[in-house]
Amino acid sequence: SDIVGAVYSQTPKIVNEMINKNVISGAIKNARQKVVAGLLAGNYQKDLGFLGNGPETSILRSTLIIPGIYANTEDAHIITDGLQNEFGRVLAVINAFVLRSAKNKISFGEIYETLTSPAYSFGLKKGVIPIYIAVILAKHKEHIVVTKKEKEYALSAGLLNDIELNPDEYYIELEEWDDGKNSYILILESIFSQYINASDSTNGAFAYITKAMRRWYLQMTKYETTTKFYCNADGKILSLDKSVIKFRTLLSNPEINAHEFLFDKLLKCFGVDSFDTAVVKIRDAYTQLNTSYRNQQKRIIKVIRSVFGAKNNESVTSCIANFYDDLKQSTKEHSFNGKIAVFLNIAKHPKNDETALVEDIARALYNLRMGDFTDDIMQSFETEIQRVKEQILEYNNQEQVDSLNVGSYKIIFTDANGEEIVRQFDRADRTESGEYFYNAVTDNIAEFAESITSDEKRQILFEILKELV
């Protein structure tokens, strides 16, 4: 025993065989995880909030309370400085590793080697090491980064369990902090505040900021994530700076290493070397990407007002409604094809909400939501709405539009509200495919013979016809 005492002269005495061993049971690992989670959360209270005398309470008492590390009072807190015993020396060694990682990242394997190897006299069992590592990491959690194969991991009790299994694979790095970086993070918080989830910050580091930025990116429309242009408040179309496009591309990656992203990649993205300059660039990029789509909607509202000759204070809703009202009755009754038919249906009862109305018109013209537009489609809007207007007026201005053309059809029916609906359409030449379709329909009608009455056949065919006209 004298030899063992000499070799392991710094070994803390922990009277708890459940946890003080290299391989612990699953139940004890779960209990330890509760202790570690409580330490990392920093929400200290008497008995760390545990009730009863479960294994987690026993582990807390033997590893932290009795050694004097956890002040188990109503004003519970952690004590790491001034501990003049073996436990104080263990914590000091772990803290020294963390501080040294500010210069170069350090493998957790080094920490485990120091705490377990006879060469360093501590001889700790692996079962207790995650608890003491958690005590120190909780002090620095806002500024540390844990990585494995260059991928960052959020600090958690589960992570410390994984590190225990393969400590050589995980590295720790402490971000050297100063007022400039603090201001940088605070400004980023203010820019993306509405996207920050409070629960994300409990794991420390900087992941909560990058997660907020990702949430902002993910709520963008397809147009906003692909456009190469920016529409300012005056409706002027400008090219997006390459750095803004690169910033948006960086955010498209679902696996972002927060530390590297915030303190390295963003500065390189905007070609700056100071955090003060970087945050100005980020704010400008955010503003451009966040307002361009809405500015495009406003620009298109102006385009529509111009195309349809809106008066000074006339709304889009009013000028569209007036355009429809001024059409001849026979034009309104005519069954146009495609986008013209859809546009006239919108113009008949235009929405009062101008933004919603513009979205409806955009979908009528391109069969796409405006948020799914490409740059080419967005830039062609004025030409397309002008073309639709001209085609409607071309028909409206025909000399015989008020009388039915030879070979035309006119259908009158009442809708569910008893309103009389009139539809006109011109006779079309029957193509080979049309002939096949005609034969298929008539053959099917004949096939049903008397199993369906003539009245029901007419009803079904007319319901189909109403959808087409």
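- Every residue two or more places apart in sequence or in another chain that forms a salt bridge (charged side-chain N to carboxylate O under 4.0 Å, His left out) with Glu150 is listed here: Lys105.
- In this structure, Phe50 has no ring pair (Phe, Tyr, Trp, His ring centres under 6.0 Å) partners at least two apart in sequence or on a different chain.
- Residue Gln386 is tested with Glu390, Lys389, Glu382 for a side-chain hydrogen bond (donor to acceptor under 3.5 Å, both in side chains); the sole match is Glu390.
- Scanning for salt bridge (charged side-chain N to carboxylate O under 4.0 Å, His left out) contacts around Lys339 gives Glu384, with sequence neighbours left out.
- No more than 12 heavy atoms of other residues, nucleotides or ligands lie within 6.0 Å of CD in Gln84, so this atom counts as exposed by the packing criterion.
- Taken to the nearest 0.5 Å, the CZ atom of Arg248 stands 6.5 Å off from the OG1 atom of Thr225.
- Pairs engaging residues 288-313 under the salt bridge (charged side-chain N to carboxylate O under 4.0 Å, His left out) rule: none recorded [sequence neighbours left out].
- Take Ala92 and apply the side-chain contact (heavy atoms from CB on, under 4.5 Å) test, not counting sequence neighbours, and it matches no residue.
- The distance from the CG atom of Asn232 to the OG1 atom of Thr291 is 8.5 Å, given to the nearest 0.5 Å.
- In summary, Glu110 and Arg100 engage in a salt bridge, as defined by a charged side-chain N under 4.0 Å from a carboxylate O.
- More than 12 heavy atoms of other shown residues, nucleotides or ligands fall within 6.0 angstrom of atom CG in Leu186.
- Annotation: the span from Asp372 atom CG to Thr221 atom OG1 amounts to 7.5 Å, rounded to 0.5 Å.
- Checking Ile111, Leu160, Asp162, Thr147 one by one against Tyr170, the side-chain contact (heavy atoms from CB on, under 4.5 Å) holds for a single residue, Asp162.
- Residue-environment remark: CG (Asp179) stays at or below the threshold of 12 foreign heavy atoms within 6.0 Å.
- Side-chain atoms of Glu314 and Ser318 include a donor-acceptor pair closer than 3.5 Å.
- Remark: side-chain polar atoms of Asn295 are paired, donor with acceptor, to backbone N or O of Cys231 under 3.5 angstrom.
- For the residue pair Pro12 and Glu86, the shortest heavy atom distance occurs at CA-CB, 3.7 Å.
- The shortest non-hydrogen separation linking Cys269 to Leu250 is CB-CD1, 3.9 Å.
- Contact detail for Ile136 and Leu91: the closest heavy-atom pair is CD1-O, 3.7 Å.
- Between Leu218 atom CG and Ser252 atom OG the span is 9.5 Å, to the nearest 0.5 Å.
- To the nearest 0.5 Å, atom CG of residue Leu262 and atom CG of residue Leu267 are 10.0 Å apart.
- Within the structure, ring pair (Phe, Tyr, Trp, His ring centres under 6.0 Å) contacts touching residues 265-314 (residues at least two apart or in different chains) are Tyr184-Phe275, Phe192-Tyr286, Trp216-Tyr286, Phe247-Phe270, Phe263-Phe275, Phe308-Phe323, Phe308-Phe343.
- Under the rule for a salt bridge (charged side-chain N to carboxylate O under 4.0 Å, His left out), Glu359 has no partner lying at least two apart in sequence or in another chain.
- Looking at residues two or more places apart in sequence or on another chain, you find a side-chain contact (heavy atoms from CB on, under 4.5 Å) between Ala321 and Pro350.
- Every residue meeting the side-chain contact (heavy atoms from CB on, under 4.5 Å) condition with Asn72, not counting sequence neighbours, appears here in chain and number order: Lys46, Asp47, Ile65, Tyr70.
- Under the salt bridge (charged side-chain N to carboxylate O under 4.0 Å, His left out) criterion, Lys103 pairs with Glu176, sequence neighbours left out.
- We find the CD1-CD1 distance between Ile346 and Ile320 to be 9.0 Å, quoted to the nearest 0.5 Å.
- Residue Lys125 qualifies as open at atom NZ: its count of foreign heavy atoms under 6.0 Å is 12 or below.
- Scanning both residues, Leu40 and Lys141, for their nearest heavy atoms gives O-NZ, 2.6 Å.
- Heavy-atom neighbours of Asp178 CG from other residues, nucleotides or ligands within 6.0 Å: above the threshold of 12.
- Residues Ile28 and Pro55 share a closest heavy-atom pair of CD1-CB, 4.0 Å.
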_Test ring pair (Phe, Tyr, Trp, His ring centres under 6.0 Å) applied to Phe373 and Tyr366, step by step_ = CA-CA 9 Å; Phe373 276 14; Tyr366 298 100; 5.2 Å; yes
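- The stretch residues 250-277 participates, sequence neighbours left out, in these salt bridge (charged side-chain N to carboxylate O under 4.0 Å, His left out) pairs: Lys151-Glu255, Asp264-Lys268.
- Looking at Ser101, its side chain never comes within 3.5 Å of a backbone N or O of Asn104 through a donor-acceptor pair.
- With respect to the salt-bridge test (charged N to carboxylate O, under 4.0 angstrom), the residues Asp375 and Lys228 do not qualify.
- By the side-chain contact (heavy atoms from CB on, under 4.5 Å) test, Asn16 is found to be paired with Ile14, Met18, Ile19, Ser58, Ile59, Ser62, residues two or more places apart in sequence or in another chain being considered.
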